[in-house]
Amino acid sequence: MTTVVPTSEEDPALSVVRFTSELAWSDAGPEVMEQQVSRLFVEAQECMVTNRWLDLTSLMLTSADIVFSNSKVSEKDLECIFTVICNLVTKSRSPDEELEMAKLICAKIIQQPSDKPALRLKILFNLYNLLDNAYCRFYVFMRALNLAVSGKVTEHVIPSFKKIDSFLKEWNLEVQDQRELFLSVANALKDSKSSAKDSFKFLTKYLATFSDEDTYKMGEAKEEAARTIIEFVKAPDMFQCDLLDMPAVGQLEKDAKYALVYQLLKIFLTQRLDAYLEFQAANSALLKSYGLVHEDCIAKMRLMSLVDLASHESGRIPYALIKDTLRIDNDEVELWVVKALTTKLIDCKMDQLNQVVLVSSCTERVFGLRQWQALRTKLGTWRGNIESVINTIQANKITEDSSQAVQGMMIR
(Lines give C-alpha, C1' and ligand atoms only; values in the text may rest on other atoms or scores of the structure.)
Protein backbone atom coordinates (compact mmCIF):
# COMPACT_ATOMS: atom_id res chain seq x y z
CA MET A 1 0.00 0.00 0.00
CA THR A 2 1.23 3.48 -0.89
CA THR A 3 2.50 5.56 1.97
CA VAL A 4 1.19 9.09 1.94
CA VAL A 5 3.42 11.74 3.43
CA PRO A 6 1.27 14.24 5.37
CA THR A 7 1.70 17.96 4.75
CA SER A 8 1.06 20.95 6.93
CA GLU A 9 -1.61 22.24 4.55
CA GLU A 10 -4.08 20.15 2.57
CA ASP A 11 -3.53 20.13 -1.18
CA PRO A 12 -6.26 22.04 -3.09
CA ALA A 13 -7.09 18.91 -5.09
CA LEU A 14 -7.64 16.92 -1.88
CA SER A 15 -9.78 19.73 -0.48
CA VAL A 16 -11.97 19.55 -3.58
CA VAL A 17 -12.25 15.76 -3.28
CA ARG A 18 -13.26 16.09 0.37
CA PHE A 19 -15.80 18.83 -0.31
CA THR A 20 -17.47 17.20 -3.32
CA SER A 21 -17.58 13.72 -1.77
CA GLU A 22 -19.15 15.08 1.41
CA LEU A 23 -21.74 16.83 -0.75
CA ALA A 24 -22.39 13.69 -2.76
CA TRP A 25 -22.86 11.41 0.26
CA SER A 26 -24.53 13.87 2.64
CA ASP A 27 -27.93 12.15 2.39
CA ALA A 28 -26.55 8.67 3.22
CA GLY A 29 -26.03 9.33 6.91
CA PRO A 30 -22.89 10.30 8.90
CA GLU A 31 -21.33 6.83 9.07
CA VAL A 32 -21.73 6.00 5.39
CA MET A 33 -20.64 9.49 4.38
CA GLU A 34 -17.48 9.33 6.49
CA GLN A 35 -16.59 5.92 5.09
CA GLN A 36 -17.06 6.99 1.48
CA VAL A 37 -15.27 10.30 1.93
CA SER A 38 -12.30 8.52 3.51
CA ARG A 39 -12.20 5.99 0.67
CA LEU A 40 -12.22 8.66 -2.05
CA PHE A 41 -9.73 10.79 -0.15
CA VAL A 42 -7.22 7.90 0.15
CA GLU A 43 -7.72 7.02 -3.53
CA ALA A 44 -7.02 10.63 -4.49
CA GLN A 45 -3.85 10.64 -2.38
CA GLU A 46 -2.62 7.47 -4.08
CA CYS A 47 -3.23 9.03 -7.51
CA MET A 48 -1.18 12.07 -6.55
CA VAL A 49 1.72 10.08 -5.12
CA THR A 50 1.92 7.85 -8.21
CA ASN A 51 1.38 10.75 -10.65
CA ARG A 52 -1.81 9.21 -12.03
CA TRP A 53 -3.27 12.59 -12.96
CA LEU A 54 -5.76 11.23 -15.49
CA ASP A 55 -7.24 8.95 -12.83
CA LEU A 56 -7.36 11.80 -10.34
CA THR A 57 -9.18 13.98 -12.87
CA SER A 58 -11.76 11.25 -13.40
CA LEU A 59 -12.21 10.81 -9.66
CA MET A 60 -12.66 14.52 -9.02
CA LEU A 61 -15.22 14.83 -11.79
CA THR A 62 -17.40 12.04 -10.38
CA SER A 63 -19.47 14.43 -8.29
CA ALA A 64 -19.39 17.32 -10.76
CA ASP A 65 -23.08 17.06 -11.67
CA ILE A 66 -24.10 17.26 -8.01
CA VAL A 67 -21.91 20.31 -7.48
CA PHE A 68 -23.55 22.12 -10.40
CA SER A 69 -27.08 21.30 -9.32
CA ASN A 70 -26.67 21.95 -5.59
CA SER A 71 -28.11 25.30 -4.57
CA LYS A 72 -25.74 25.48 -1.58
CA VAL A 73 -22.73 25.84 -3.89
CA SER A 74 -22.26 29.37 -5.18
CA GLU A 75 -21.02 30.12 -8.68
CA LYS A 76 -17.80 31.47 -7.16
CA ASP A 77 -17.23 28.15 -5.36
CA LEU A 78 -18.07 26.25 -8.54
CA GLU A 79 -15.48 28.22 -10.46
CA CYS A 80 -12.88 27.60 -7.75
CA ILE A 81 -13.59 23.86 -7.73
CA PHE A 82 -13.18 23.57 -11.49
CA THR A 83 -10.13 25.81 -11.50
CA VAL A 84 -8.44 23.21 -9.27
CA ILE A 85 -9.66 20.36 -11.48
CA CYS A 86 -8.61 22.09 -14.71
CA ASN A 87 -5.20 22.88 -13.27
CA LEU A 88 -4.44 19.15 -13.23
CA VAL A 89 -3.78 19.28 -17.00
CA THR A 90 -0.57 21.22 -16.26
CA LYS A 91 0.75 18.09 -14.51
CA SER A 92 0.20 15.77 -17.49
CA ARG A 93 3.22 13.81 -18.65
CA SER A 94 2.43 13.76 -22.40
CA PRO A 95 0.25 15.53 -24.99
CA ASP A 96 -1.93 12.41 -25.22
CA GLU A 97 -2.58 12.42 -21.47
CA GLU A 98 -3.27 16.15 -21.56
CA LEU A 99 -5.84 15.60 -24.32
CA GLU A 100 -7.54 12.76 -22.44
CA MET A 101 -7.78 14.90 -19.31
CA ALA A 102 -9.20 17.78 -21.33
CA LYS A 103 -11.76 15.44 -22.90
CA LEU A 104 -12.92 14.21 -19.48
CA ILE A 105 -13.34 17.75 -18.18
CA CYS A 106 -15.14 18.95 -21.33
CA ALA A 107 -17.51 15.99 -21.29
CA LYS A 108 -18.67 16.89 -17.78
CA ILE A 109 -18.93 20.61 -18.45
CA ILE A 110 -21.05 20.36 -21.59
CA GLN A 111 -23.51 17.74 -20.29
CA GLN A 112 -26.11 20.34 -19.23
CA PRO A 113 -25.50 23.32 -21.56
CA SER A 114 -28.66 25.16 -20.53
CA ASP A 115 -27.71 25.13 -16.81
CA LYS A 116 -25.39 28.06 -16.00
CA PRO A 117 -24.08 28.16 -19.60
CA ALA A 118 -22.01 31.33 -19.13
CA LEU A 119 -20.21 29.85 -16.13
CA ARG A 120 -19.58 26.57 -17.94
CA LEU A 121 -18.20 28.53 -20.87
CA LYS A 122 -15.88 30.48 -18.56
CA ILE A 123 -14.58 27.22 -17.09
CA LEU A 124 -13.81 25.87 -20.57
CA PHE A 125 -11.90 29.01 -21.51
CA ASN A 126 -9.95 28.78 -18.25
CA LEU A 127 -9.08 25.23 -19.23
CA TYR A 128 -8.09 26.42 -22.72
CA ASN A 129 -5.59 28.88 -21.27
CA LEU A 130 -3.96 26.16 -19.13
CA LEU A 131 -3.24 23.86 -22.07
CA ASP A 132 0.13 23.62 -23.83
CA ASN A 133 -0.75 21.32 -26.72
CA ALA A 134 -2.13 23.10 -29.80
CA TYR A 135 -4.59 20.37 -30.75
CA CYS A 136 -5.89 20.23 -27.16
CA ARG A 137 -6.65 23.93 -27.40
CA PHE A 138 -8.54 23.41 -30.65
CA TYR A 139 -10.51 20.55 -29.08
CA VAL A 140 -11.55 22.67 -26.07
CA PHE A 141 -12.38 25.68 -28.28
CA MET A 142 -14.75 23.52 -30.35
CA ARG A 143 -16.46 22.18 -27.21
CA ALA A 144 -16.81 25.75 -25.95
CA LEU A 145 -18.27 26.85 -29.27
CA ASN A 146 -20.83 24.03 -29.27
CA LEU A 147 -21.73 24.78 -25.65
CA ALA A 148 -22.25 28.45 -26.49
CA VAL A 149 -24.65 27.57 -29.30
CA SER A 150 -26.56 24.97 -27.26
CA GLY A 151 -26.72 27.24 -24.20
CA LYS A 152 -27.64 30.29 -26.30
CA VAL A 153 -24.70 32.37 -25.06
CA THR A 154 -22.88 32.83 -28.37
CA GLU A 155 -22.30 36.50 -27.58
CA HIS A 156 -19.47 35.33 -25.30
CA VAL A 157 -17.58 33.55 -28.09
CA ILE A 158 -18.26 35.77 -31.12
CA PRO A 159 -15.44 38.24 -30.25
CA SER A 160 -12.94 35.37 -30.50
CA PHE A 161 -13.87 34.81 -34.15
CA LYS A 162 -11.77 37.82 -35.10
CA LYS A 163 -8.71 35.79 -34.06
CA ILE A 164 -9.53 32.69 -36.09
CA ASP A 165 -6.72 33.29 -38.60
CA SER A 166 -4.11 33.47 -35.82
CA PHE A 167 -5.70 30.43 -34.15
CA LEU A 168 -5.33 28.47 -37.38
CA LYS A 169 -1.60 29.21 -37.49
CA GLU A 170 -1.25 28.18 -33.85
CA TRP A 171 -3.35 25.01 -34.09
CA ASN A 172 -1.93 23.80 -37.45
CA LEU A 173 -5.10 21.86 -38.24
CA GLU A 174 -5.77 19.14 -40.76
CA VAL A 175 -8.30 19.96 -43.49
CA GLN A 176 -11.13 18.03 -41.82
CA ASP A 177 -10.66 19.95 -38.57
CA GLN A 178 -10.62 23.23 -40.49
CA ARG A 179 -13.95 22.31 -42.06
CA GLU A 180 -15.44 21.53 -38.67
CA LEU A 181 -14.20 24.86 -37.31
CA PHE A 182 -15.43 27.03 -40.20
CA LEU A 183 -18.85 25.40 -40.31
CA SER A 184 -19.33 25.63 -36.54
CA VAL A 185 -18.39 29.32 -36.54
CA ALA A 186 -20.79 30.00 -39.43
CA ASN A 187 -23.59 28.22 -37.56
CA ALA A 188 -22.86 30.18 -34.37
CA LEU A 189 -23.07 33.45 -36.27
CA LYS A 190 -26.29 32.39 -37.95
CA ASP A 191 -27.97 31.34 -34.70
CA SER A 192 -26.97 34.56 -32.99
CA LYS A 193 -28.55 36.58 -35.81
CA SER A 194 -25.24 38.32 -36.25
CA SER A 195 -23.93 39.86 -39.45
CA ALA A 196 -24.92 37.82 -42.49
CA LYS A 197 -21.61 38.79 -44.06
CA ASP A 198 -19.63 37.15 -41.25
CA SER A 199 -21.64 33.94 -41.48
CA PHE A 200 -21.26 33.97 -45.26
CA LYS A 201 -17.48 34.53 -44.93
CA PHE A 202 -17.00 31.40 -42.82
CA LEU A 203 -19.31 29.35 -45.03
CA THR A 204 -17.16 30.26 -48.05
CA LYS A 205 -14.02 29.37 -46.06
CA TYR A 206 -15.61 25.99 -45.37
CA LEU A 207 -16.49 25.41 -49.03
CA ALA A 208 -13.01 26.51 -50.16
CA THR A 209 -11.45 23.55 -48.31
CA PHE A 210 -12.92 21.17 -50.90
CA SER A 211 -11.11 20.54 -54.17
CA ASP A 212 -11.80 18.48 -57.28
CA GLU A 213 -9.73 15.69 -55.73
CA ASP A 214 -12.21 15.46 -52.83
CA THR A 215 -14.94 13.85 -54.93
CA TYR A 216 -15.93 11.43 -52.19
CA LYS A 217 -15.90 14.02 -49.40
CA MET A 218 -17.37 16.85 -51.46
CA GLY A 219 -20.83 15.33 -51.38
CA GLU A 220 -21.13 16.22 -47.71
CA ALA A 221 -20.89 19.92 -48.62
CA LYS A 222 -23.94 20.04 -50.92
CA GLU A 223 -26.35 21.32 -48.30
CA GLU A 224 -23.94 23.99 -47.09
CA ALA A 225 -23.15 25.02 -50.68
CA ALA A 226 -26.85 25.56 -51.35
CA ARG A 227 -27.22 27.41 -48.06
CA THR A 228 -24.31 29.69 -48.96
CA ILE A 229 -25.91 30.53 -52.31
CA ILE A 230 -29.21 31.41 -50.64
CA GLU A 231 -27.42 33.58 -48.05
CA PHE A 232 -25.69 35.46 -50.87
CA VAL A 233 -28.93 35.99 -52.78
CA LYS A 234 -30.74 37.15 -49.62
CA ALA A 235 -28.06 39.60 -48.50
CA PRO A 236 -29.01 43.11 -49.64
CA ASP A 237 -25.44 44.40 -49.29
CA MET A 238 -23.43 41.63 -51.00
CA PHE A 239 -22.88 41.93 -54.74
CA GLN A 240 -19.68 40.00 -55.35
CA CYS A 241 -18.47 36.47 -54.58
CA ASP A 242 -16.27 33.69 -55.95
CA LEU A 243 -18.72 30.85 -55.39
CA LEU A 244 -18.89 29.87 -59.05
CA ASP A 245 -15.19 28.95 -59.01
CA MET A 246 -15.54 26.58 -56.06
CA PRO A 247 -15.78 22.83 -56.81
CA ALA A 248 -18.09 22.35 -53.82
CA VAL A 249 -20.55 24.76 -55.44
CA GLY A 250 -19.96 23.55 -58.99
CA GLN A 251 -21.14 20.04 -58.05
CA LEU A 252 -24.67 21.45 -57.65
CA GLU A 253 -24.98 22.32 -61.34
CA LYS A 254 -26.16 18.81 -62.24
CA ASP A 255 -27.46 17.79 -58.86
CA ALA A 256 -31.07 16.58 -58.82
CA LYS A 257 -31.95 18.51 -55.66
CA TYR A 258 -29.90 21.69 -55.96
CA ALA A 259 -29.47 22.33 -59.71
CA LEU A 260 -32.01 25.16 -59.66
CA VAL A 261 -30.24 26.82 -56.72
CA TYR A 262 -27.02 26.76 -58.74
CA GLN A 263 -28.88 28.23 -61.71
CA LEU A 264 -30.14 31.04 -59.48
CA LEU A 265 -26.56 31.85 -58.45
CA LYS A 266 -25.46 32.04 -62.09
CA ILE A 267 -28.30 34.44 -62.82
CA PHE A 268 -27.30 36.76 -59.97
CA LEU A 269 -23.62 36.70 -60.90
CA THR A 270 -23.63 36.60 -64.69
CA GLN A 271 -27.05 37.68 -66.04
CA ARG A 272 -29.59 40.48 -65.80
CA LEU A 273 -33.04 41.13 -64.41
CA ASP A 274 -34.95 39.58 -67.33
CA ALA A 275 -33.27 36.20 -66.66
CA TYR A 276 -34.27 36.35 -62.99
CA LEU A 277 -37.89 37.23 -63.81
CA GLU A 278 -38.09 34.30 -66.20
CA PHE A 279 -36.61 31.99 -63.56
CA GLN A 280 -38.98 33.29 -60.88
CA ALA A 281 -42.03 32.77 -63.04
CA ALA A 282 -41.16 29.09 -63.39
CA ASN A 283 -39.86 28.50 -59.84
CA SER A 284 -41.75 30.82 -57.49
CA ALA A 285 -42.54 27.98 -55.05
CA LEU A 286 -38.85 27.05 -54.83
CA LEU A 287 -37.84 30.63 -54.01
CA LYS A 288 -40.50 30.86 -51.29
CA SER A 289 -39.34 27.57 -49.78
CA TYR A 290 -35.92 29.15 -49.22
CA GLY A 291 -37.40 32.27 -47.69
CA LEU A 292 -36.52 34.50 -50.65
CA VAL A 293 -38.70 37.59 -51.09
CA HIS A 294 -39.42 38.34 -54.75
CA GLU A 295 -39.38 42.13 -54.33
CA ASP A 296 -36.01 42.02 -52.56
CA CYS A 297 -34.57 39.83 -55.30
CA ILE A 298 -35.79 42.27 -57.94
CA ALA A 299 -34.16 45.19 -56.13
CA LYS A 300 -30.84 43.36 -55.87
CA MET A 301 -30.97 42.17 -59.48
CA ARG A 302 -31.60 45.73 -60.68
CA LEU A 303 -28.37 46.83 -59.04
CA MET A 304 -26.56 43.75 -60.36
CA SER A 305 -27.91 44.47 -63.84
CA LEU A 306 -26.72 48.06 -63.64
CA VAL A 307 -23.25 46.81 -62.71
CA ASP A 308 -23.37 44.46 -65.71
CA LEU A 309 -24.26 47.38 -67.99
CA ALA A 310 -21.34 49.37 -66.56
CA SER A 311 -18.99 46.46 -67.34
CA HIS A 312 -20.10 45.96 -70.92
CA GLU A 313 -21.15 49.33 -72.35
CA SER A 314 -17.73 50.95 -72.78
CA GLY A 315 -18.29 53.34 -69.92
CA ARG A 316 -21.26 55.09 -71.54
CA ILE A 317 -24.77 53.88 -70.66
CA PRO A 318 -27.84 55.59 -72.20
CA TYR A 319 -30.69 56.31 -69.80
CA ALA A 320 -33.03 54.43 -72.16
CA LEU A 321 -30.95 51.25 -71.88
CA ILE A 322 -31.00 51.45 -68.08
CA LYS A 323 -34.78 51.97 -68.16
CA ASP A 324 -35.35 48.92 -70.35
CA THR A 325 -32.83 46.65 -68.58
CA LEU A 326 -34.04 47.47 -65.07
CA ARG A 327 -37.73 47.62 -66.19
CA ILE A 328 -38.35 50.96 -64.53
CA ASP A 329 -39.91 54.30 -65.47
CA ASN A 330 -37.92 57.18 -66.92
CA ASP A 331 -38.03 59.16 -63.68
CA GLU A 332 -36.52 56.22 -61.74
CA VAL A 333 -33.32 55.91 -63.77
CA GLU A 334 -31.30 58.44 -61.80
CA LEU A 335 -32.64 57.05 -58.52
CA TRP A 336 -31.17 53.61 -59.28
CA VAL A 337 -27.89 55.12 -60.48
CA VAL A 338 -27.64 56.97 -57.15
CA LYS A 339 -28.33 53.69 -55.30
CA ALA A 340 -25.49 52.04 -57.20
CA LEU A 341 -23.23 54.98 -56.35
CA THR A 342 -24.21 54.87 -52.68
CA THR A 343 -23.41 51.17 -52.41
CA LYS A 344 -20.10 51.82 -54.24
CA LEU A 345 -20.97 49.43 -57.04
CA ILE A 346 -20.09 52.00 -59.69
CA ASP A 347 -18.25 55.28 -59.89
CA CYS A 348 -19.88 57.50 -62.46
CA LYS A 349 -21.31 60.85 -63.49
CA MET A 350 -24.77 61.52 -64.91
CA ASP A 351 -24.98 63.62 -68.04
CA GLN A 352 -28.59 64.77 -67.78
CA LEU A 353 -28.38 66.86 -70.93
CA ASN A 354 -27.39 63.92 -73.14
CA GLN A 355 -29.24 61.36 -70.99
CA VAL A 356 -26.23 59.10 -70.44
CA VAL A 357 -24.31 57.76 -67.47
CA LEU A 358 -20.51 58.06 -67.78
CA VAL A 359 -18.87 55.21 -65.83
CA SER A 360 -15.27 55.53 -64.67
CA SER A 361 -15.14 52.24 -62.73
CA CYS A 362 -17.39 49.48 -61.40
CA THR A 363 -17.37 46.44 -59.13
CA GLU A 364 -16.97 43.02 -60.73
CA ARG A 365 -19.68 40.58 -59.70
CA VAL A 366 -17.26 37.70 -60.10
CA PHE A 367 -13.48 37.82 -60.06
CA GLY A 368 -12.39 34.92 -62.20
CA LEU A 369 -9.77 34.26 -64.89
CA ARG A 370 -11.00 37.06 -67.18
CA GLN A 371 -10.81 39.61 -64.37
CA TRP A 372 -7.33 38.47 -63.35
CA GLN A 373 -6.14 38.76 -66.94
CA ALA A 374 -7.60 42.26 -67.20
CA LEU A 375 -5.91 43.24 -63.92
CA ARG A 376 -2.61 41.83 -65.19
CA THR A 377 -2.91 43.90 -68.36
CA LYS A 378 -3.64 47.07 -66.34
CA LEU A 379 -0.72 46.44 -64.00
CA GLY A 380 1.53 45.86 -67.01
CA THR A 381 0.41 49.15 -68.53
CA TRP A 382 0.94 51.01 -65.25
CA ARG A 383 4.39 49.49 -64.88
CA GLY A 384 5.30 50.55 -68.39
CA ASN A 385 4.05 54.09 -67.75
CA ILE A 386 6.04 54.32 -64.50
CA GLU A 387 9.21 53.04 -66.20
CA SER A 388 8.72 55.63 -68.92
CA VAL A 389 8.37 58.41 -66.35
CA ILE A 390 11.48 57.21 -64.48
CA ASN A 391 13.50 57.06 -67.73
CA THR A 392 12.38 60.58 -68.64
CA ILE A 393 13.35 61.92 -65.20
CA GLN A 394 16.75 60.22 -65.36
CA ALA A 395 17.38 61.54 -68.88
CA ASN A 396 16.48 65.09 -67.81
CA LYS A 397 18.74 64.76 -64.74
CA ILE A 398 21.69 63.65 -66.89
CA THR A 399 21.14 66.56 -69.26
CA GLU A 400 20.85 68.98 -66.35
CA ASP A 401 24.04 67.65 -64.70
CA SER A 402 25.96 67.92 -67.98
CA SER A 403 24.77 71.47 -68.49
CA GLN A 404 25.84 72.45 -64.96
CA ALA A 405 29.27 70.87 -65.51
CA VAL A 406 29.83 72.83 -68.74
CA GLN A 407 28.77 76.05 -67.03
CA GLY A 408 31.25 75.37 -64.23
CA MET A 409 34.10 74.94 -66.70
CA MET A 410 33.19 78.19 -68.48
CA ILE A 411 33.24 80.13 -65.17
CA ARG A 412 36.73 78.86 -64.31
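A quick note: this is a predicted structure, and the numbers were derived from the prediction, not measured.
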Exercise for review: Quick one: sort the Tyr276 and Phe268 rings into parallel, tilted or perpendicular, breaks at 30° and 60°.
Suggested key: perpendicular

Review point. Should the ring pair Phe182 and Phe202 be called parallel, tilted or perpendicular, given that the plane angle runs from 0 to 90° and is split at 30 and 60?
Key: tilted

If we only count heavy atoms from C-beta on, is the [X] to [Y] side-chain gap below 4.5 Å?
{"X": "Met301", "Y": "Leu326", "result": "no"}
{"X": "Leu269", "Y": "Phe232", "result": "yes"}
{"X": "Phe210", "Y": "Met246", "result": "no"}
{"X": "Met101", "Y": "Glu98", "result": "no"}
{"X": "Val337", "Y": "Leu335", "result": "no"}
{"X": "Leu264", "Y": "Leu292", "result": "yes"}
{"X": "Leu341", "Y": "Cys348", "result": "yes"}
{"X": "Tyr290", "Y": "Val261", "result": "yes"}

Could you tell me if [X] sits above the aromatic ring of [Y], with its cationic atom closer than 6.0 Å to the ring centre and no more than 45 degrees from the axis?
{"X": "Arg179", "Y": "Tyr206", "value": "no"}
{"X": "Lys190", "Y": "Phe200", "value": "no"}
{"X": "Lys300", "Y": "Phe239", "value": "yes"}
{"X": "Lys103", "Y": "Tyr139", "value": "yes"}
{"X": "Arg143", "Y": "Phe138", "value": "no"}

**Study point:** Steps toward salt bridge (charged side-chain N to carboxylate O under 4.0 Å, His left out) verdict (Asp165, Lys205)
**Key:** CA-CA 11 Å; Asp165 289 339; Lys205 282 179 177 287; 3.8 Å; yes

Rounded to the nearest 0.5 Å, how far apart are [atom1] of [X] and [atom2] of [Y]?
{"X": "Leu203", "Y": "Leu243", "atom1": "CG", "atom2": "CG", "result": "9.5 Å"}
{"X": "Cys47", "Y": "Leu56", "atom1": "SG", "atom2": "CG", "result": "5.5 Å"}
{"X": "Asp11", "Y": "Arg18", "atom1": "CG", "atom2": "CZ", "result": "11.5 Å"}
{"X": "Arg52", "Y": "Asp55", "atom1": "CZ", "atom2": "CG", "result": "4.5 Å"}
{"X": "Trp336", "Y": "Leu345", "atom1": "CH2", "atom2": "CG", "result": "11.0 Å"}
{"X": "Leu121", "Y": "Thr154", "atom1": "CG", "atom2": "OG1", "result": "10.0 Å"}

Show the nearest heavy-atom pair for residues [X] and [Y], with the distance to one decimal.
{"X": "Ala144", "Y": "Val157", "result": "O-CG1, 4.5 Å"}
{"X": "Met60", "Y": "Ala13", "result": "CE-O, 3.7 Å"}
{"X": "Lys344", "Y": "Thr363", "result": "O-OG1, 3.3 Å"}
{"X": "Gln251", "Y": "Ala221", "result": "NE2-C, 4.1 Å"}
{"X": "Leu59", "Y": "Thr62", "result": "O-OG1, 3.0 Å"}
{"X": "Lys201", "Y": "Thr204", "result": "O-OG1, 2.6 Å"}

Are [X] and [Y] within salt-bridge range, i.e. N to O under 4.0 Å?
{"X": "Glu170", "Y": "Arg137", "answer": "yes"}
{"X": "Glu223", "Y": "Arg227", "answer": "no"}
{"X": "Lys323", "Y": "Asp329", "answer": "no"}
{"X": "Arg120", "Y": "Asp115", "answer": "yes"}

Can you confirm whether [X] is buried at [atom1], in the sense that more than 12 heavy atoms of other residues, nucleotides or ligands lie under 6.0 Å from that atom?
{"X": "Gln112", "atom1": "CD", "value": "no"}
{"X": "Glu34", "atom1": "CD", "value": "no"}
{"X": "Arg39", "atom1": "CZ", "value": "yes"}
{"X": "Trp25", "atom1": "CH2", "value": "no"}
{"X": "Glu174", "atom1": "CD", "value": "no"}

Whether the side chain of [X] engages the backbone of [Y] through a donor-acceptor N/O pair (distance < 3.5 Å, no angle test) should be reported.
{"X": "Asp255", "Y": "Lys257", "value": "yes"}
{"X": "Ser305", "Y": "Leu273", "value": "yes"}
{"X": "Ser284", "Y": "Ala281", "value": "no"}
{"X": "Arg93", "Y": "Asn51", "value": "yes"}
{"X": "Asn70", "Y": "Ile66", "value": "no"}
{"X": "Ser58", "Y": "Leu54", "value": "no"}
{"X": "Asn133", "Y": "Cys136", "value": "yes"}
{"X": "Gln355", "Y": "Tyr319", "value": "no"}
{"X": "Thr325", "Y": "Ile322", "value": "no"}
{"X": "Glu22", "Y": "Phe19", "value": "no"}

Point to revise | Ser74-Asp77 side chain donor-acceptor pair, cut-off 3.5 Å | key: yes

Practice item. Check the side chains of Tyr258 and Glu253 for a donor-acceptor pair under 3.5 angstrom, ignoring hydrogens and angles. Key: no

**Study point:** Residues Arg365, Gln240; criterion side-chain contact (heavy atoms from CB on, under 4.5 Å); working and verdict
**Key:** CA-CA 4 Å; Arg365 290 191 284 178; Gln240 183 187 61; 5.7 Å; no

Point to revise | Verdict with supporting geometry, Leu14 and Met48, side-chain contact (heavy atoms from CB on, under 4.5 Å) | key: CA-CA 9 Å; Leu14 294 177; Met48 294 175 68; 3.7 Å; yes

Revision key, fill the gap. In Phe141, Tyr135, Phe161, the residue satisfying ring pair (Phe, Tyr, Trp, His ring centres under 6.0 Å) with Phe167 is Phe141

Practice item. Dump the intermediate steps for salt bridge (charged side-chain N to carboxylate O under 4.0 Å, His left out) on Glu79 and Lys122, then the final yes or no. Key: CA-CA 8 Å; Glu79 187 177 348; Lys122 186 176 181 180; 3.2 Å; yes

Practice item. For the pair Val357 and Asp351, evaluate side-chain contact (heavy atoms from CB on, under 4.5 Å) and give the outcome as yes or no after the intermediate values. Key: CA-CA 6 Å; Val357 175; Asp351 185 345; over 6 Å; no

Check your understanding: Are Ile298 and Gln280 close enough, and set up right, to give a side-chain contact (heavy atoms from CB on, under 4.5 Å), and what steps lead you there?
Key -> CA-CA 10 Å; Ile298 288 179; Gln280 190 275 338; over 6 Å; no

